[in-house]
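The structure appears right after this line, and notes come after that.
The analysis underlying the following values was restricted to heavy atoms, covering all of them including side chains, and did not include hydrogens, waters or symmetry mates. Computed from a predicted model, the values in this text were never measured in an experiment. Numbers restart at 1 for each chain; the letters A, B, ... are given by sequence-line order, proteins then strands.
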Amino acid sequence: DGGITQSPKYLFRKEGQNVTLSCEQNLNHDAMYWYRQDPGQGLRLIYYSQIVNDFQKGDIAEGYSVSREKKESFPLTVTSAQKNPTAFYLCASSRGTGSNQPQHFGDGTRLSIL
Amino acid sequence: GESVGLHLPTLSVQEGDNSIINCAYSNSASDYFIWYKQESGKGPQFIIDIRSNMDKRQGQRVTVLLNKTVKHLSLQIAATQPGDSAVYFCAENIINNDMRFGAGTRLTVKP
């Protein structure tokens with residue numbers, strides 16, 4: 001089945017450590033996104049990529065980094081500079097970034113601090 | 001309705017009743033809207049979408065209504081079932097797939 005796979009489901013970060021969240025899609029979508037979800041709040045955009053080897057900062061990019069070396073993969077690194085990393089992280093993809101392109105989501109990674 | 005506070009609005013309905021979940025969106029220029037369903041510990045699941053040139057769109061057991069005059073979107077679920085229990089949130093497309101998401105409404109279905 002086509003879809004978006006995020007791993008791991010749960011992740012723990014130690015002080016000063018960088019951690020990387022994986023996102024893979026086999027939908028042949030050009031655009032991919034990373035969001036952060038905090039309790040009681042709407043999704044907030046961290047980074048997005050419209051095409052391979054290109055990505056743009058979203059609303060809350062500080063303390064995060066991404067790469068897009070392959071169309072199907074868009075890993076997110078939560079760096080030690082992100083002082084409040086505890087959240088539910090969601091990856092999404094869409095065919096393109098024009099209007100009327102629904103974003104489809106993976107099942108998320110929950111990141112906690114040790 | 002939608003909230004950015006810590007506590008989501010809740011809607012509790014009896015199994016078999018119809019549910020109506022509301023959303024107020026922010027930008028009068030938004031041209032595309034989506035309703036998502038999110039179950040606990042999972043990612044959002046696409047339910048139905050609507051373009052701004054439409055007022056109503058129907059799917060299987062769901063209907064979305066769009067009132068651009070008051071920037072209001074609603075999701076109607078017919079014959080609500082226990083499996084419909086989840087958080088529902090709307091998303092609006094501001095421009096070129098810059099989506100803005102509401103915090104959601106928690107729907108609880110009582111058997």
Side-chain angles (χ1 to χ4, degrees), chain A residues 1-11 21 23-25 27 29-51 56-60 87-112, chain B residues 1-10 21 23-27 29-54 57 59 62 64 66 73 75 86-106:
Chain A
D1 281 6
I4 301 171
T5 302
Q6 290 188 242
S7 63
K9 192 168 179 63
Y10 300 97
L11 188 58
L21 285 59
C23 178
E24 303 278 330
Q25 55 98 0
L27 299 167
H29 284 173
D30 284 320
M32 297 187 74
Y33 312 80
W34 274 105
Y35 292 94
R36 171 182 171 134
Q37 187 175 39
D38 293 284
Q41 297 187 35
L43 304 184
R44 291 185 290 166
L45 182 65
I46 303 173
Y47 268 98
Y48 68 99
S49 168
Q50 299 180 31
I51 200 168
Q56 307 294 330
K57 292 182 179 180
D59 300 320
I60 55 165
F88 192 48
Y89 290 87
L90 287 161
C91 178
S93 71
S94 64
R95 276 189 300 169
T97 55
S99 293
N100 311 327
Q101 303 277 2
Q103 294 182 21
H104 298 273
F105 288 84
D107 274 340
T109 292
R110 187 166 298 280
L111 177 62
S112 304
Chain B
E2 298 285 334
S3 169
V4 293
L6 286 176
H7 301 289
L8 295 178
T10 58
I21 300 170
C23 174
Y25 63 91
S26 60
N27 194 317
S30 295
D31 60 358
Y32 177 59
F33 305 87
I34 302 175
W35 277 102
Y36 287 96
K37 172 187 181 183
Q38 187 175 21
E39 295 175 275
S40 182
K42 293 192 172 183
Q45 176 187 356
F46 173 93
I47 301 174
I48 192 168
D49 58 0
I50 187 168
R51 299 178 185 178
S52 60
N53 60 354
M54 303 170 70
R57 188 158 189 235
V62 295
V64 55
L66 175 63
L73 197 66
L75 177 71
V87 173
Y88 291 81
F89 58 87
C90 66
E92 61 179 305
N93 179 63
I94 305 292
I95 184 170
N96 290 335
N97 219 17
D98 178 9
M99 302 294 293
R100 299 290 158 169
F101 298 85
T105 295
R106 186 179 305 280

Interchain contact, [X] with chain B, by part (heavy-atom threshold 4.5 Å):
| X | value |
| --- | --- |
| D59(A) | side chain |
| L43(A) | both |
| Q37(A) | side chain |

Heavy-atom pair with the smallest gap, counting every atom of D107(A) and G43(B):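 Residues D107(A) and G43(B), closest heavy atoms: OD1-N, 3.0 Å.
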
Distance-minimising heavy-atom pair for G40(A) and L8(B):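 Looking at all heavy atoms of both residues, the closest pair is CA-CD2, 3.8 Å.
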
Using a 6.0 Å cut-off, check whether atom [atom1] of [X] has over 12 heavy atoms from anything other than its own residue.
| X | atom1 | result |
| --- | --- | --- |
| R106(B) | CZ | no |
| Y10(A) | OH | no |
| I51(A) | CD1 | no |

Atom group of R100(B) that falls short of 4.5 Å from chain A, counting heavy atoms: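 The answer is the side chain of R100(B).
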
Heavy-atom contact with chain A under 4.5 Å, split by part of Q38(B):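 For Q38(B), the side chain is the part near chain A, not the backbone.
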
Indicate yes or no: at least one non-hydrogen side-chain atom of Q45(B) is less than 4.5 angstrom from one of F105(A).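 No - every pair of side-chain heavy atoms lies 4.5 Å or more apart.
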
Measure the shortest side-chain to side-chain distance between H104(A) and Y36(B) over non-hydrogen atoms and say whether it is less than 4.5 angstrom.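 Counting from C-beta outward, H104(A) and Y36(B) never come under 4.5 Å.
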
For a side-chain contact (heavy atoms from CB on, under 4.5 Å) check, start with the C-alpha distance between Y48(A) and M99(B), then their side-chain angles and the critical distance, and finish with the verdict. CA-CA 11 Å; Y48(A) 68 99; M99(B) 302 294 293; over 6 Å; no

Nearest 0.5 Å please: distance from the [atom1] atom of [X] over to the [atom2] atom of [Y].
| X | Y | atom1 | atom2 | value |
| --- | --- | --- | --- | --- |
| Q41(A) | F89(B) | CD | CZ | 13.0 Å |
| N100(A) | I34(B) | CG | CD1 | 9.0 Å |
| Y32(B) | Q101(A) | OH | CD | 7.5 Å |

Has K42(B) got a side-chain atom pairing as donor or acceptor with G108(A)'s backbone, closer than 3.5 angstrom?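 No.
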
